[in-house]
Amino acid sequence: MGEHYLVRRDGATPLEDIVAQAQQHPVALALDEVTVEVPGRPIEGENWAPQLAPYQPWVHDAALDETDEIDGADGDLLIVGALGMGISDEERQSLIGDAVRGADGEEPGRGSSATAMTPHQLWEAGLTPPWQGVAEDAAAAASDVRETSKCRETRNTTRETLEFDRETSSDEHFALNVPLTVREDGGGWAVSAVHLSVLAEHGLPADNLVVVVPSLIGGKPVVRVTSEAFARRFTSGAQVRLLVVPDTVETIGAQAFGSVCAETIWLGRGLQTYDPAPLDLALPSPRLASRRYEVHPGNGRFLVEDGCLMERLRGAAGEAVGKAPAEKEGERKGDACESGDPRAVPTRLLFCAAPYGERVVIPEGVRVMGAAVFAKGCPPPRVLDVPPSLTRVDGSVSAETLWRSEDPQATARIVARCGGRVTDFNAVERDRCWYGFTEEAGNRSSTEGEAPVSREAHLVAGPPAPESVSRRFSAAAHARVRGEAAPSPREVAATAASAMVAPVSTEDRLVLPREVEGAPLTRIAERALITAPATLAIPETVRTIADGNAAKGCRKLMLAEGLRTIGAHCFCSRTLAGPVLIPASVTSIGEGSFEYAMVRLAAADAVVHITSDQLISCFLADAPDGIPFDFERYDAQLIAGRGLPDHTGALLHRLASPFRLEDAAADRIVEALRDRASDAIAAAAREGDIAVVRALAERGFLDDAQLFDRQIECLRASNRTDCVLYLMNWHRNRTAASSATAPTRARDRFAL
């Protein structure tokens with residue numbers, strides 16, 4: 001690799017060999033190869049309000065226009081600027097000579113010991129440094145600059161020479177230095193900027209890069225990598241295969257590697273402080289496909305196991321495990337191995353290698369899960385196996401993740417803030433659904449010595465949610481950037497739109513089994529059905545549906561007789577089609593359930609419309625009469641009509657099923673319908689329910705002859721013959737009744 005090159009392009013050499021070579025030959029740079037940031041700080045006797053030099057306005061000299069040195073009307077910008085600043089030609093030539101002078105103090109071409117410009121000076125001059133192995137004449141040509149007018153020609157010639165060298169050399173392997181910015185940090189250096197983006201800006205290949213942070217700069221060690229060292233503005237366009245942090249680095253900023261497209265990061269022996277911030281795979285440019293860490297085996301603070309980056313916690317005596325001597329560290333590790341207890345050395349989990357599979361196993365001995373364990377921008381793990389040593393979870397984990405542990409109750413208390421679903425290792429998977437089991441002792445008989453044990457199953461986690469439209473858009477865009485074949489955004493949008501209106505297919509159904517492993521399915525656990533397929537059928541063996549089963553995405557719901565309790569905030573997909581039948585056996589429904597849906601209460605034979613405002617829910621928990629609905633409160637909501645999916649339809653259905661409907665409330669509903677008479681007549685004809693038509697007639701809505709005629713015409717247009725026949729008979733009977741009660745004339749009584 002060489003001792004003075006930060007970047008190498010290598011996509012074939014194994015990472016272990018590259019790391020071993022970087023350990024044997026650490027990168028060492030001179031001070032003139034980096035940019036040193038010197039922060040402003042006051043010193044004794046310094047004046048922080050210095051006086052500027054007297055301003056000398058520039059006055060155009062017509063005599064200069066006749067010289068050949070100046071091109072254009074006002075001359076070269078460099079010369080004009082120099083004159084405006086009061087710099088003479090000799091001073092200007094001296095400054096230019098200092099910029100191109102070699103390290104030995106002589107100008108190139110004037111002595112036998114002439115040296116080329118350093119790569120750092122070439123980057124600052126706008127030139128591209130030669131690759132490793134490129135002839136020195138290109139670098140010498142780059143340093144042979146005299147006048148400003150000639151400098152442009154020299155740069156163009158140098159760029160052409162370098163382009164020719166790139167075409168004739170191999171693009172598979174090359175090494176060079178990129179601009180590096182550092183600042184003093186105690187007795188060493190802190191790396192504050194690694195400008196990898198200059199590779200893409202200068203047309204160099206920027207993929208399969210190997211970046212090695214320097215160990216020494218000017219003889220002093222590099223002890224820190226700051227949070228902004230690999231910011232996006234410094235690394236955009238660079239794809240790093242391996243990033244090596246040397247053994248001299250002791251501290252790494254939390255956000256140091258969050259914006260760089262680095263797939264593998266090697267942490268050296270001396271690292272003591274590093275707490276990575278949450279990673280988003282979509283943030284770097286190009287998009288990051290994977291991220292994993294490797295740690296030096298001799299590091300006493302950090303370790304990697306099964307793709308997980310972990311930090312050893314402090315011992316019971318308060319001494320940091322990472323700062324223990326090598327002998328004691330070896331003894332401590334040996335004791336842990338001999339004892340056979342992997343939890344002898346407690347650790348804190350910092351990061352799991354991304355992307356993730358269906359199942360992720362947390363290593364034994366992890367007590368704390370940090371705030372940045374799982375990366376964003378990729379599907380989270382569906383099943384998470386945690387050890388008994390886990391006591392705290394600092395970050396957030398997807399609510400759809402299933403946690404499995406030996407003690408589900410203890411784990412549930414730990415992950416309560418994350419909202420994860422918890423079960424034990426006895427849970428089984430069937431049709432991508434997870435089921436747990438409970439055993440309860442029955443009534444003990446006097447003749448039997450032991451009480452019978454009943455084994456019941458419960459749904460812990462339903463099928464995973466389908467891929468969202470936004471995620472499909474992102475994947476398609478990423479594939480197009482990589483040059484892979486992918487559908488266009490228009491095609492993705494058309495597919496998503498057609499899927500929303502397409503009929504339910506047999507594959508998009510979930511029919512829960514009546515029994516699992518011989519145990520009847522009696523319960524749906526809390527948040528087991530966060531999402532659900534388009535069709536969901538719950539068998540008659542289920543007695544309880546716990547809270548939080550929103551079943552988002554469900555369009556057709558079938559609840560069987562035998563269900564008793566529905567928890568709060570259940571079936572809130574807002575896409576449920578038609579009246580959802582709630583069996584008469586249901587006696588308790590929690591608040592916020594069936595949000596923005598239409599349900600039919602079998603116990604009351606009534607159709608009700610549920611508002612979108614979950615704070616004014618009309619459902620009742622443990623209703624004394626067995627009907628879990630407050631009709632009095634519902635009637636007050638109908639008059640306001642706030643948040644109802646179909647206000648006119650709700651008024652019509654309430655009249656058609658007047659369960660516990662008072663006359664005063666019915667009169668208010670009729671007045672509300674008269675205010676929207678056109679919508680009410682059209683809705684009644686469209687639905688074609690004879691019960692609705694009967695309610696409108698009996699409640700006096702059709703007493704107006706004009707409304708009656710309009711209703712008849714709408715029913716005929718909708719081919720509702722039964723409703724038309726009923727209204728005609730109702731009108732004839734009503735007319736006959738009125739004529740029978742009216743007093744007759746004497747002439748009519750004696751008429752033949």
How many angstroms lie between atom [atom1] of [X] and atom [atom2] of [Y], to the nearest 0.5 angstrom?
| X | Y | atom1 | atom2 | answer |
| --- | --- | --- | --- | --- |
| L390 | M369 | CG | CE | 6.5 Å |
| E37 | S192 | CD | OG | 3.5 Å |
| E305 | T347 | CD | OG1 | 8.0 Å |
| L29 | W189 | CG | CH2 | 11.5 Å |
| I265 | L242 | CD1 | CG | 9.5 Å |
| W403 | I362 | CH2 | CD1 | 7.0 Å |

Would M310 and F302 satisfy side-chain contact (heavy atoms from CB on, under 4.5 Å), going step by step from the backbone distance to the final call?
CA-CA 6 Å; M310 298 178 291; F302 299 94; over 6 Å; no
Do side-chain atoms of [X] reach the backbone of [Y] as a donor and acceptor pair under 3.5 angstrom?
| X | Y | value |
| --- | --- | --- |
| D306 | C308 | no |
| R301 | L271 | no |
| Y5 | V212 | no |
| Q239 | N208 | yes |
| D385 | V361 | no |
| T391 | R367 | yes |
| T401 | P381 | yes |
| R291 | A262 | yes |
| R421 | E400 | yes |
| H202 | L204 | no |

Non-hydrogen atoms of [X] and [Y] that approach each other most closely:
| X | Y | answer |
| --- | --- | --- |
| T248 | S215 | OG1-O, 3.5 Å |
| R287 | G377 | NH2-O, 2.9 Å |
| E364 | P388 | OE1-CD, 4.0 Å |
| P179 | V198 | CD-CG2, 3.7 Å |
| R232 | S259 | N-CB, 3.6 Å |
| W266 | P297 | CH2-CD, 4.2 Å |

Quiz: residues 219-229 side-chain donor-acceptor pairs under 3.5 angstrom, not counting sequence neighbours:
from, atom 1, to, atom 2, distance (Å)
R224, NE, D185, OD2, 2.5
T226, OG1, V191, O, 2.9
T226, OG1, E228, OE2, 3.4
S227, OG, A254, N, 3.4
E228, OE2, R183, NH1, 3.4
E228, OE2, R183, NH2, 3.4

Any side-chain heavy atom of [X] within less than 4.5 Å of one from [Y]?
| X | Y | answer |
| --- | --- | --- |
| L6 | H195 | no |
| L384 | L402 | no |
| E311 | V368 | no |
| T35 | V182 | no |
| R359 | R404 | yes |
| F234 | V178 | no |
| S197 | T235 | no |
| D10 | I18 | yes |

Between E429 and R382, is there a salt bridge with N-O shorter than 4.0 Å?
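Looking at R382 and E429, the cut-off is met.
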Apply side-chain contact (heavy atoms from CB on, under 4.5 Å) to the pair L196 and V211, showing each step before the final yes or no.
CA-CA 9 Å; L196 297 176; V211 179; 4.0 Å; yes
What do the steps show when you test T264 against R241 for side-chain contact (heavy atoms from CB on, under 4.5 Å), and what is the final call?
CA-CA 6 Å; T264 303; R241 182 187 175 207; over 6 Å; no
Check the pair L209 / L199 against side-chain contact (heavy atoms from CB on, under 4.5 Å), numbers first and verdict last.
CA-CA 10 Å; L209 300 179; L199 298 176; 3.6 Å; yes
Side chain to side chain contact (heavy atoms under 4.5 Å, CB included) with L288: which of D280, L283, L279, V260?
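Among D280, L283, L279, V260, the one that satisfies the side chain to side chain contact (heavy atoms under 4.5 Å, CB included) with L288 is L279.
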Students often mix this up, so state it plainly: with edges at 30° and 60°, are the rings of Y274 and F257 parallel, tilted or perpendicular?
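Rings of Y274 and F257: perpendicular, over 60°.
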